[in-house]
Number of protein chains: 2
Amino acid sequence: MTLAYDVDTHAAPSRVSELMERLGLRMTFAKDEELYAQDDDADLIYMVTSGAVRTTRLLSDGRRQVSAFYYAGDLVGLETGPAHRFSAEALCDCTVLVVKRSSLKAFAGDGELDRAIWEATRRELERTQDHLLVLGRKTACEKVASFLMERAQSDRSTKVSLPMGRQDMADYLGLTIETVSRMLTQLQSASVVEFDGSRHFRVKRWDALAQMVE
Amino acid sequence: MTLAYDVDTHAAPSRVSELMERLGLRMTFAKDEELYAQDDDADLIYMVTSGAVRTTRLLSDGRRQVSAFYYAGDLVGLETGPAHRFSAEALCDCTVLVVKRSSLKAFAGDGELDRAIWEATRRELERTQDHLLVLGRKTACEKVASFLMERAQSDRSTKVSLPMGRQDMADYLGLTIETVSRMLTQLQSASVVEFDGSRHFRVKRWDALAQMVE
DNA sequence: CGAACTTTTGAACCCCTTCAACATCAGTGG
DNA sequence: CCACTGATGTTGAAGGGGTTCAAAAGTTCG
């Protein structure tokens, strides 16, 4: 499991953060508000500065797949060609820096920036590939364990927070909310994790969690 | 569904093919032979010139996920940082051009080449994201239909060939070979496709197939 | 032809879903 | 402060889609 969300090894190194700060527009989004919609022109790039964002895609009958979650420091909106292939929504009230692709292109000579965006895209690919294995070949319990591990490695504090609800977790893992809930209960009963409310947990047995994740 | 495998809109435009021809070493691999293994140094890039290749990843208990299939013209081995995160194996006897990353780096000034590799990686990300939706939220029948559609759009002839066996299809779609086989029979019974042996088919009802794929 | 492998088909089982009820929590206003 | 309300999360029981196990049918290649 990668440490893609670890702030220290992050998608947007400080140099890029600086550039975003300088060129970008600061915006706030309320919970569930849309940063952009599927098929929108992809002329903007976003950097989360607080809160969290999800990218999703819908089937015509309403089935939903959450592709990824993004946290402070992450770049959102890279996953596209000319048009966005996902929609992006705020998981909770959050602030982002928005910058036009064209503004960034003006700095194309800046190798460091190019490199940062390239690195972020490459890591996005790696994360998505990791996710493929989870969705394709893991059991419900292993899926939930993988998700908790991912969060725990991102938020290195002992108390890990979950900014998303059960439905978002379910749509991320290809499960139902009921199954997610049951697996969480199960993992807690096995003393692998301990929940404090529905949105905060602590890992009690790293070895057991790691084994389920592979 | 993208046309990522369509030769005309391909990952490796002719200019890159030329460069690969000039710098690369031609190699042949027998069916099931390994181009590279998981965790190998990723210092080589491959271009398939004939045959087909799969990239796979294993869980410790043997469960396998096929990440992608690659055909003539496709670049393989881009999905990595310093080490390969998948193994790559020949689906059938095939020939590839192999070139050192460092050799290509010597041409880093060549914007067209950089751009081609960037484009190939971006398309790889898009394909993987499409695959996420299939694995996470589609039924067995829709998964198989999605796969057939993908192949049919790649191989635009009326007789579409399947270079991979049922096990590879199953591991690509997160199913068992039995389920794949049953769904294929079902799609044929519904006159959506028609098989000629187990490795060749023809789409009879594009509308029906497209609807299952979304 | 005959052996080994792949694919298909059948039947029983099980993991996850579905449907339903209950619990918990946050926010609101009396 | 507490009752009310809607949203969110948990738990239970029944059902179904896909898996598992087994065997037959088809294919490949010596």
Side-chain angles (χ1 to χ4, degrees), chain A residues 30-32 54 59 61-66 89-93 134-148 161-190 193-201 212, chain B residues 30-32 54 59 61-66 91-93 134-148 161-190 193-201 212:
Chain A
K31 179 170 149 62
D32 292 328
R54 66 169 174 258
L59 292 178
D61 63 359
R63 280 175 288 176
R64 191 179 72 146
Q65 178 66 42
V66 171
E89 297 125 30
L91 271 179
C92 50
D93 295 355
V134 174
L135 291 184
R137 284 301 181 209
K138 289 196 180 174
T139 64
C141 191
E142 290 168 336
K143 284 178 175 181
V144 172
S146 297
F147 173 75
L148 293 181
S161 75
L162 297 174
M164 71 292 291
R166 297 292 186 264
Q167 187 64 62
D168 286 322
M169 292 169 54
D171 288 342
Y172 180 67
L173 298 172
L175 298 171
T176 61
I177 52 174
E178 294 94 331
T179 301
V180 169
S181 183
R182 272 184 259 269
M183 294 306 117
L184 289 173
T185 305
Q186 191 175 310
L187 286 171
Q188 184 160 233
S189 302
V193 295
E194 183 174 53
F195 269 81
D196 167 26
S198 64
R199 302 252 180 160
H200 294 272
F201 72 94
M212 307 186 98
Chain B
K31 177 170 153 59
D32 293 326
R54 66 171 175 258
L59 292 179
D61 63 358
R63 280 177 287 177
R64 190 180 73 146
Q65 178 65 43
V66 170
L91 272 179
C92 50
D93 294 357
V134 173
L135 291 184
R137 283 302 181 208
K138 290 196 178 173
T139 64
C141 191
E142 291 168 337
K143 284 179 175 180
V144 172
S146 297
F147 173 76
L148 294 181
S161 74
L162 297 175
M164 70 291 291
R166 296 292 184 264
Q167 188 64 62
D168 286 323
M169 292 170 53
D171 288 343
Y172 180 66
L173 297 172
L175 299 171
T176 60
I177 51 174
E178 293 94 330
T179 300
V180 169
S181 183
R182 273 184 258 271
M183 295 305 118
L184 288 173
T185 306
Q186 191 174 308
L187 286 170
Q188 183 159 236
S189 302
V193 293
E194 184 175 53
F195 268 81
D196 168 25
S198 64
R199 300 245 178 168
H200 293 273
F201 72 96
M212 306 186 98

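Chain letters run A, B, ... following the sequence lines, proteins first and then strands; every chain starts at 1.
Using a 4.5 Å cut-off on side-chain heavy atoms (C-beta onward), L135(A) and Q65(A) make contact.
With sequence neighbours left out, T179(B) forms a side-chain hydrogen bond (donor to acceptor under 3.5 Å, both in side chains) with T176(B). Looking at residues two or more places apart in sequence or on another chain, you find no side-chain hydrogen bond (donor to acceptor under 3.5 Å, both in side chains) involving Q186(A). In this structure T139(B) satisfies the side-chain hydrogen bond (donor to acceptor under 3.5 Å, both in side chains) test together with E142(B), sequence neighbours excluded. R64(B) pairs by the salt bridge (charged side-chain N to carboxylate O under 4.0 Å, His left out) definition with D168(B), D171(B), not counting sequence neighbours. In terms of the salt bridge (charged side-chain N to carboxylate O under 4.0 Å, His left out) criterion, R199(A) has no residue partners (sequence neighbours excluded). In terms of the salt bridge (charged side-chain N to carboxylate O under 4.0 Å, His left out) criterion, residue partners of D61(B) (sequence neighbours excluded) are, by chain and number, R63(B). Residues passing the salt bridge (charged side-chain N to carboxylate O under 4.0 Å, His left out) test with D32(B), sequence neighbours excluded: R54(B). Every residue two or more places apart in sequence or in another chain was checked for a side-chain hydrogen bond (donor to acceptor under 3.5 Å, both in side chains) with Q188(B), and none qualifies.
For the pair F195(B) and G197(A), nearest-nucleotide mapping onto DNA chain C gives the more 5' position to F195(B). Between Q167(B) and R182(B), the residue anchored nearer the 5' end of DNA chain C, judged by the nucleotide with its closest heavy atom, is Q167(B).
Note: CD (Q186(A)) to C1' (dT11(D)) measures 13 Å, nearest angstrom. Look at CG on L187(A): it is 15 Å from C1' on dT10(D), rounded to the nearest Å. Atoms CZ (F201(A)) and C1' (dG9(D)) sit 17 Å apart, rounded to a whole Å. dG9(D) atom C1' lies 10 Å from atom CD of E178(A), rounded to whole Å.
Taking 4.0 Å as the cutoff to heavy atoms of chain B, we find the contact window on DNA chain C bounded by dT7(C) to dA11(C).
Across its full length, the helix from dC1(C)-dG30(D) to dG30(C)-dC1(D) shows an angle of 30° between the axes of its 5 terminal pairs at either end, rounded to 10 degrees.
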Close N/O contacts between protein and nucleotides 15-18 of chain D (under 3.5 Å):
residue, atom, partner, partner atom, Å
dG18(D), OP1, A140(B), N, 2.7

Under 3.5 Å between N/O atoms: give me all the protein pairs with nucleotides 28-30 of chain D, atom names plus distance.
none

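Distance alone, capped at 3.5 Å, is enough to place a donor-acceptor pair between the R137(A) side chain and the L175(B) backbone. For the pair D196(A) (side chain) and F201(A) (backbone), a donor-acceptor distance under 3.5 Å is absent.
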Quiz item: L162(A) and F147(A): side-chain contact (heavy atoms from CB on, under 4.5 Å), yes or no, with the steps?
Solution: CA-CA 10 Å; L162(A) 297 174; F147(A) 173 75; 3.8 Å; yes
Exercise. Start with the C-alpha distance between M212(A) and V144(A), add both sets of side-chain angles, then the distance that settles side-chain contact (heavy atoms from CB on, under 4.5 Å), and finish with yes or no.
Key: CA-CA 9 Å; M212(A) 307 186 98; V144(A) 172; over 6 Å; no
